[in-house]
Peer 1: 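Just passing along the structure, written as structure tokens.
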Amino acid sequence: MADKFTSKIPDGPLAQKWTKRKSEIHLVSPNNKRKLEIIVVGTGLGGASAAASLGELGYNVKIFCISDSPRRAHSIAAQGGINAAKNYQNDNDSIYRLFYDTIKGGDYRAREANVYRLAEVSAAIIDQCVAQGIPFAREYGGYLANRSFGGVQVSRTFYARGQTGQQLLLGAYASLNKEIAAGTVKSYPRHEMLDLVVINGEAKGIITRNLVTGQLERFGAHAVIIATGGYGNTYFLSTNAMNSNGSAALQCYKKGAYFANPCFAQIHPTCIPVHGDQQCKLTLMSESLRNDGRIWVPKKLEDVEKLRKHQIKASQIPEEDRDYYLERRYPAFGNLVPRDVASRAAKERCDAGFGVNETGKAVYLDFSEAIQRLGHQKVAERYGNLFEMYEKITASSPWEEPMMIYPAIHYTMGGIWVDYDLQTTIPGLYAIGEANFSDHGGNRLGASALMQGLADGYFIVPVTIGDYLSKKFAEPKTDVNRPEFAEAEKAVQARIDRLLSINGKETVDSIHKELGHIMWEYVGMARDKAGLEKAIGLIKDLRKRFYENVKVPGTQFEFNQELEKALRLEDFFEIGELMARDALNRNESCGGHFRVESQTEEGEAKRDDANYMYVAAWEYKGEGVEPELHKEPLVYENIKVITRNYKD
Amino acid sequence: MEFNLKIWRQKNAKAKGHFETYHISGIEEDASFLEMLDILNEQLIREGCDPVAVERGCQSSGPVSFDHDCREGICGACSLYIDGRAHGPDDHVTTCQLFMRHFKDGATITVEPWRSAAFPVIKDLVVDRTAFDKILQAGGFISVRTGSAQDANNILIPHDKAEESMDAAACVGCGACVATCKNGSAMLFVAARVSSLALLPQGRPEAKRRAKAMVAKMDELGFGNCTNTRACELECPKGITVAHIARLNREFLKAKFSD
Ligand SMILES: Cc1cc2nc3c(=O)[nH]c(=O)nc-3n(C[C@H](O)[C@H](O)[C@H](O)COP(=O)(O)OP(=O)(O)OC[C@H]3O[C@@H](n4cnc5c(N)ncnc54)[C@H](O)[C@@H]3O)c2cc1C
Ligand code: SF4
Ligand code: FES
């Protein structure tokens, strides 16, 4: 498959690459488009926007999701905003600067050409969304408003209160509905893809389980697009929605798609701390809060003691006894350093004993200064609903006492390897949105995932897929009675039968929780060789125990959420192991991946460009066999690679 | 904290449902309602209760099915009728944002699915809300093609108009308004979408057509008529107000007159 593993970056100057690629792509005539079928799996920003745009172009599209409606995809929960290089603020923003910030924020582990294209199409996304009727925040003059986000020095983030993801998704979903009404797209909610069908080396369909009836169903197409989101829930506790999972990506991997940089997971600095062991989901407090909120812990350990015993309140600690550690360590960026830096700094303070709640795993995010400076009304306008949400959950008001926050798993930069066209190593199989690895390198900047999902879905894949499909229009519809479909279905059936027959004593969630502990402990914010090796062993043991002792109640042919979870957990084991393996291989600290062995004397991350400036793409070699590592070297022609510095 | 839970159990759409009662203890005050149900389910699975065992005479139907996903009050998936109120006793929250500190220790809590002709039960507390998708497919969009939009700042939108549109756009499509309405009307849901788009210049060209098509679809799908009881407004977790219904009615009348 070596020839499939080329990035296909067009030649020529960076700023012309996308134009050049577009001009090379063969077109498919309208009457031929009608004959071509495309499967889109996932209805988040990536999937919904792709399906709607492909439907408009005249292709025959089928779209699948787990939830009861496409509108409920995990993208709905994004709060803070979406970036675009509009330069509406006249603060000297540009396509180049957005490109530069994204590459630098990603710690020089993303592909230049892809990231430049992302920045290039970003402005059109905002135009599109406004035309769809998305009520972005406006200034009094009627112009669009912006805010700034971590890791950058310009203000380029567009937002709709704290519900940007919701509004963007409702826009894409509305376009999708328009196409469903027009008959170009058919929607299959409550259908979970459990396998990919490959015929003669090309992606030709999927096997799904109808989540209401439990039936396995076959769907054929000329091409398949995976838009199933990230695999952060490998850690059990994360900010991802409960049904977010990595199964579709993993099944594609097992059918031959390479999996890139699995160890690059983002830990978000501002989440509500864990409150006990009954919890199954962590809540994010939007990063936008760091615009005006200041992060601190007490300077004195005796204050920490008193806080933990509830003898004093945070607001009673005088200014001079507070350690605004981000402002202290990173004067140039202060509270707006990138996520990985902010997360590690919080861990550092808490490990040193300054954590401010009973568990010792929390720091303050304080608005008192902002309330004084801006007034109650301004702060309410910017963050009112986030404050409300925080108060609902914790029963404490950010108007009176600072919020308590702690880092949590949030996003996965790694994912299915794709070339410049977003095609995987399996021809006819594309991956978009968080499911692919393409644009964020070792760390994603805030407000850039929404941008990427919509860039992929509205503007990139609808064009690039034409290149593949222009050679396929003479091919008849895929026949789902072919033996490849029967085999794939049989394999899925065997998985289900096995899970239902174990009849052990442990629940799926209790085992998943254990996997989460292993991941957080050894493949979390700080990783080292011994720990990673241990994690691989522990995951193997746990997986074995799962197959011996899990209890999956009920039957296949009914609505059965425990069976759904068990099938996803099977795949999380394999993803977890792959993450640990990749982390073990990458003996450098880079973005969200921090290897204890590779740090400066001040404890800052130390990258190793000489040895690791590549994308690690893993090829599946069979059950129980070590996967094979392929390296895609990263070449920087337009950017000088420097050490990330947020200090001055 | 501990509770007695009286929960609606129904094997599938065709089966007859019934209540089963469970006791649960050791719940933290800070636990959410859905976390409490997770704990109950863990307990039921451990005890070996399951739908298969029921056929052999087991008293409990096993883990309780309920819809949920984001657990942040935004996806609109969660949908329980708790002690006679949609999304339970706290105001302006979805069930996933309801916390056990709002209940009395030792209380008996009754949990039912949305009950509405247009939302048939799939299993236990899970209902089929695809009717909402169908209403939106009838016209809840602006007909813009990808790539054809002009610069976003070319059409100015006054701050307050954008905010008002956003108020309506906050609807999460949960269906509490329908479940609460004695007529099973979807007016608040429809009005939220119609109003949100009608307030924006981009949505004006299709405003009348949209209102008419969506209302017609709503009627066709078996939702009831709106008789202005305003129960929906009280139970809507996102604070969508009936003022939007008034705007929908205006658009609808305009459409009628221009016919
Ligand atoms: C709390 C939170 C806040 C965030 N805030 C921001 C922000 O402010 N700005 C920003 O840029 N990014 C933000 N992000 C990140 C961003 O929301 C996500 O990366 C992005 O929405 C992912 O979109 P997606 O389309 O790739 O996938 P998702 O939205 O995750 O959608 C996945 C889809 O795939 C379906 N699916 C999954 N598996 C299967 C299967 N096997 N079969 C069928 N269907 C399947 C699901 O049902 C769903 O429809 C945030 C993330 C979180 C968790
Ligand atoms: S109007 Fe309110 S109650 Fe009705 S679906 Fe929307 S959010 Fe739910
Ligand atoms: S689970 Fe998403 S709104 Fe309740």
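Hydrogens, waters and symmetry mates play no part in the numbers below; they use all other heavy atoms, side chains included.
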Peer 1: Would you list the pairs meeting salt bridge (charged side-chain N to carboxylate O under 4.0 Å, His left out) in which at least one residue belongs to residues 134-152 of chain B, sequence neighbours left out?
Peer 2: A:K86-B:D151
Peer 1: Pick one of side chain, backbone, both or neither for B:E29, based on which atoms fall under 4.5 Å of a heavy atom in chain A.
Peer 2: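 For B:E29, neither part sits under 4.5 Å from chain A.
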Peer 1: Below 4.5 Å, heavy atoms only, C-beta onward: do B:V126 and A:R190 meet side chain to side chain?
Peer 2: yes
Peer 1: Between the side chains of A:H275 and B:E28, is a donor N or O closer than 3.5 angstrom to an acceptor N or O?
Peer 2: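 A pair is found: one side chain offers a donor N or O, the other an acceptor, under 3.5 Å apart.
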Peer 1: Heavy atoms only, distances under 4.5 angstrom: which of A:Q561, A:Q163, A:R161 has the most pairs with chain B? Name it, please.
Peer 2: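 Sorted descending by pairs with chain B, the first entry is A:R161.
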Peer 1: Which residue pairs satisfy the ring pair (Phe, Tyr, Trp, His ring centres under 6.0 Å) criterion with at least one member in residues 35-71 of chain B, sequence neighbours excluded?
Peer 2: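 Non-adjacent pairs meeting ring pair (Phe, Tyr, Trp, His ring centres under 6.0 Å): B:F66-B:H68.
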Peer 1: Determine whether a donor-acceptor pair (N or O, by modelled atom type, separation under 3.5 Å) exists between the side chain of A:R72 and the backbone of B:C75.
Peer 2: yes
Peer 1: Just checking, is any N or O donor in the side chain of A:Y173 or B:D133 under 3.5 Å from an acceptor N or O on the other one?
Peer 2: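 Yes, a side-chain donor-acceptor pair sits under 3.5 Å.
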Peer 1: Side chain from CB out, backbone as N, CA, C, O: work out which of these in B:A168 comes under 4.5 Å of a heavy atom of chain A, or both, or neither.
Peer 2: neither
Peer 1: Are the side chains of A:T507 and B:R46 in touch, meaning some heavy atoms are under 4.5 Å apart?
Peer 2: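 The answer is yes; the side chains approach within 4.5 Å.
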Peer 1: Do A:E506 and B:I45 have side chains that approach each other closer than 4.5 Å (heavy atoms only, starting at C-beta)?
Peer 2: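 No, too far: nothing below the 4.5 Å cut-off.
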Peer 1: Any chance you could measure A:I134, atom CD1, to B:L200, atom CG, to the nearest 0.5 Å?
Peer 2: 10.5 Å
Peer 1: Answer whether the closest heavy-atom distance between the side chains of A:K281 and B:E72 falls below 4.5 Å.
Peer 2: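 They are in contact (side-chain heavy atoms under 4.5 Å apart), so the answer is yes.
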Peer 1: Taking the side chain as C-beta and beyond, is there a heavy-atom pair between B:H92 and A:E388 under 4.5 Å?
Peer 2: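 Sidechains of A:E388 and B:H92: no contact.
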